[in-house]
Structure formats: structure tokens, C-alpha cells
Chemist: 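Quick one: this structure, given as C-alpha cells, is what I'll be asking you about.
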There are 2 protein chains.
Amino acid sequence: MQNNIFKALAHPDRRKVLSLLRSGPKLAGDLAAEFDSSWPTMSRHLSVLKEADLISAERQGNQILYRINTSVVEDTAGALLAFIGVSQNDNDDYEEAAE
Amino acid sequence: MQNNIFKALAHPDRRKVLSLLRSGPKLAGDLAAEFDSSWPTMSRHLSVLKEADLISAERQGNQILYRINTSVVEDTAGALLAFIGVSQNDNDDYEEAAE
DNA sequence: TTGCTAATTAGCAAAATTGCTAAATAAGAG
DNA sequence: CTCTTATTTAGCAATTTTGCTAATTAGCAA
């Protein structure tokens with residue numbers, strides 16, 4: 001559901017999470033430490049990103065490791081380029097009406 | 001600011017506007033006619049897109065012509081790719097990295 | 001079991017977004 | 001000037017998002 005993706009990207013802290021994950025997977029706690037917001041707040045940001053499939057989570061014992069879903073980000077950038085007529089594949093995707 | 005851009009993209013109707021403008025500039029009325037929402041609602045969507053600099057408006061007598069700001073959309077797609085480490089440097093290895 | 005750390009969920013209030021109708025503005029025609 | 005058309009702005013209610021604190025779950029170890 002593409003709408004969730006764009007909504008997830010609409011918050012600066014969530015974009016910063018993606019930026020941080022760019023250099024590799026990170027533990028939830030290490031991510032949260034990079035922000036001023038409270039842990040629960042960051043936890044929700046992470047769940048929004050996960051819901052949008054922009055990141056995925058893997059439990060490692062006590063902690064949870066997050067990693068960026070590169071292909072989804074890539075596809076979204078592609079969708080954006082499609083708006084201006086740059087079609088890289090034949091994936092001319094817009095057909096979403098409303099929600 | 002970039003935040004406005006992603007926020008503007010977070011609504012399906014606003015993305016549809018961009019999609020419609022892809023084939024060329026359109027009058028506000030013609031755009032509004034493509035949606036179920038009321039005219040004032042569409043007018044606000046247009047103003048959000050304009051605020052984000054994703055589209056620009058030009059008055060033509062009685063009516064207002066909207067066009068997509070291609071470069072801004074392009075830059076946003078580039079910013080998205082940057083999250084996954086693809087640098088869209090004008091100079092060299094764009095092709096290589098985009099692989 | 002208890003205790004500790006990591007992370008999420010629950011619940012609430014403040015803020016922002018959405019979409020409507022009604023009113024206002026802008027430009028042209030007569 | 002008035003009238004008509006095109007579009008935006010004002011103002012309001014419903015919904016969604018945000019961020020907090022407090023409570024809860026999950027895993028691990030003694």
C-alpha cells in the first residue's frame with residue numbers, strides 16, 4: 001500500500017531513521033539514542049516505518065535489530081520519477097484512488 | 001523545506017494531481033473535475049502542493065494554470081535514493097551506483 | 001522464582017490534517 | 001456599474017498524528 005509509504009516518509013525523524021540505517025542495521029536502542037524524543041515515541045516511529053515495509057525488524061535475544069528495506073525505498077523513488085515521466089521499467093504505477 | 005514536500009506527497013489525491021500534470025499543465029477547474037472531493041478541498045490540495053513547490057501556478061485571465069515542477073520532484077526522488085546510498089552526483093558514476 | 005535490561009503497548013491530550021458549506025475575491029463581458 | 005464564471009479563503013467539525021508517562025511484554029541470568 002503505497003500510501004503508507006509516503007505517509008511514513010512525511011516525518012523528519014522517520015526519514016532520519018532511514019538515513020541512519022543507511023550505514024547498516026542498528027539496534028532499536030541505538031537508534032532511539034540518536035533522537036530527542038522519548039523511547040516510546042521512537043518505537044512508534046519505527047512501527048510506522050515497519051508498517052510501510054520501509055524497514056524490517058529482527059529480534060536478537062534481548063534487543064531488536066532494524067534494517068532498511070532497500071528495494072522498497074528504491075521502488076518509491078522510482079514511483080516518484082514516474083510522476084515526471086521517467087520510466088525505468090514498465091512500471092507505470094499510479095492507480096490509487098482514495099482511502 | 002524538504003519536510004513540506006514529503007508531507008505534500010502523503011495524500012493520494014495530491015499524488016494523483018502530480019500524475020495528472022505529468023501530461024502537461026492543466027487548469028485548476030479541469031483538475032478538480034477529476035476528483036470526487038469538493039472544489040475548495042481540491043483547491044487546498046493544490047495550495048499544499050504549491051507550498052511544497054511541487055507545482056506552480058500561473059493565472060490566465062479568468063482561470064489558473066497549474067504545472068508540475070519537474071526538477072523538484074526529481075530532486076525528491078534523488079533524496080530518497082540517497083537514503084539507500086545511491087548518490088546522484090551529476091558528474092560521474094551515477095549509472096554504476098544506481099545498479 | 002526474582003531481578004534487570006530492552007522494547008513495545010495503552011491511554012491521554014495537544015496539534016495537525018481533512019473535507020465540507022458559505023462567503024469572498026479575481027477577471028472578464030456587457 | 002452589474003452579472004457570471006473560476007478559484008480561493010474562512011470557519012467549523014471529524015479524524016488522524018504526535019508525543020508524553022505509565023504499564024506491560026520479552027528475553028536473559030542468578
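We name chains A, B, ... by the order of the sequence lines, and we start the count at 1 in each one.
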Chemist: Answer with yes or no whether the hydrophobic clustering places A:Tyr66 together with A:Ile5; edges join I, L, V, M, F, W, Y residues whose side-chain heavy atoms lie under 4.5 Å apart.
Modeler: yes
Chemist: Rounded off to whole Å, could you give me the NZ-to-P distance for the A:Lys16 and D:dT18 pair?
Modeler: 17 Å
Chemist: Output the distance between atom CG (B:Leu65) and atom CG (B:Leu27), rounded to the nearest 0.5 Å.
Modeler: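 CG of B:Leu27 is found 5.5 Å from CG of B:Leu65.
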Chemist: Does A:Trp39 belong to the same Ile/Leu/Val/Met/Phe/Trp/Tyr cluster as A:Phe35, with side-chain heavy atoms less than 4.5 Å apart forming each link?
Modeler: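 In one cluster with A:Trp39: A:Phe35, no.
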Chemist: Under 4.0 angstrom, heavy atoms only, what part of the nucleic acid is B:Ser37 near: base, sugar-phosphate, or nothing?
Modeler: sugar-phosphate
Chemist: Side chain of A:Pro40, heavy atoms from C-beta onward: which of D:dA22, D:dA10, D:dT7 has the nearest atom to it?
Modeler: D:dA22
Chemist: Can you list, pair by pair, the side-chain donor-acceptor contacts under 3.5 Å of residues 9-20 of chain A, counting residues two or more places apart and other chains?
Modeler:
{"from": "A:His11", "atom 1": "ND1", "to": "A:Asp13", "atom 2": "N", "distance (Å)": "3.0"}
{"from": "A:Arg14", "atom 1": "NE", "to": "A:Ala8", "atom 2": "O", "distance (Å)": "2.7"}
{"from": "A:Arg14", "atom 1": "NH1", "to": "A:His45", "atom 2": "ND1", "distance (Å)": "3.2"}
{"from": "A:Arg14", "atom 1": "NH2", "to": "A:Lys7", "atom 2": "O", "distance (Å)": "3.1"}
{"from": "A:Arg15", "atom 1": "NH1", "to": "A:Leu9", "atom 2": "O", "distance (Å)": "2.7"}
{"from": "A:Arg15", "atom 1": "NH1", "to": "B:Asn3", "atom 2": "OD1", "distance (Å)": "3.3"}
{"from": "A:Arg15", "atom 1": "NH2", "to": "B:Asn3", "atom 2": "OD1", "distance (Å)": "3.2"}
{"from": "A:Lys16", "atom 1": "NZ", "to": "A:Glu34", "atom 2": "O", "distance (Å)": "3.1"}

Chemist: Separation of B:His11 atom NE2 from D:dT17 atom P, in whole Å?
Modeler: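 It works out to 11 Å between those atoms.
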Chemist: Can you tell me how far CG of A:Leu31 sits from CG of A:Leu21, rounded to the nearest 0.5 angstrom?
Modeler: 5.0 Å
Chemist: Can you tell me how far C1' of D:dT24 sits from CH2 of A:Trp39, to the nearest Å?
Modeler: 15 Å
Chemist: Using both distances under 3.5 Å as the test, list the Watson-Crick or G-U wobble partner of D:dA30, or none.
Modeler: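 Checking every strand shown, D:dA30 finds its partner in C:dT1, with both distances under 3.5 Å.
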Chemist: How many Å lie between CG on A:Leu49 and P on C:dT8, as a whole number?
Modeler: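 It is 12 Å, rounded to the nearest whole Å.
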Chemist: Return the value, rounded to whole Å, for the distance between atom CG of A:Asp13 and atom P of D:dT17.
Modeler: 16 Å
Chemist: Strictly below 4.0 Å: does B:Ser43 bring a side-chain N or O up to OP1 or OP2 of D:dT7?
Modeler: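 So the side chain of B:Ser43 is outside the cut-off, no N or O lying under 4.0 Å from OP1 or OP2 of D:dT7.
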Chemist: With a 4.0 Å heavy-atom cut-off, tell me which residues in residues 54-70 of chain A come close to DNA chain D, sorted by residue number.
Modeler: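 Under 4.0 Å from DNA chain D: A:Arg59, A:Gly61, A:Asn62.
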Chemist: Spell out, as yes or no, whether a donor-acceptor pair under 3.5 Å connects the side chain of B:Arg22 to the backbone of A:Ala82.
Modeler: yes
Chemist: I need the NZ-P distance between B:Lys26 and D:dT7, as an integer number of Å.
Modeler: 14 Å
Chemist: Output the rounded distance in Å from NZ (B:Lys7) to C1' (C:dT17).
Modeler: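 After rounding, the reported distance stands at 9 Å.
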Chemist: DNA chain D: B:Ala28 or A:Arg14, which has the more 5' nearest nucleotide?
Modeler: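 Between the two, 5'-proximity favours B:Ala28.
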Chemist: Hydrophobic clusters here meaning ILVMFWY residues chained together by side-chain heavy-atom distances under 4.5 Å, can you tell me if A:Leu54 and A:Phe6 are in one?
Modeler: yes
Chemist: In whole Å, I'd like the distance from the CG atom of A:Leu31 to the P atom of C:dT8.
Modeler: 10 Å
Chemist: Compare side-chain N and O positions of A:Ser38 against OP1 and OP2 of D:dC20 and report whether any pair is under 4.0 Å apart.
Modeler: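 The answer is yes; a side-chain N or O of A:Ser38 sits under 4.0 Å from OP1 or OP2.
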Chemist: Quick one: is A:Thr41 getting a side-chain N or O under 4.0 Å of the D:dC20 phosphate, OP1 or OP2?
Modeler: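 Yes, within the criterion.
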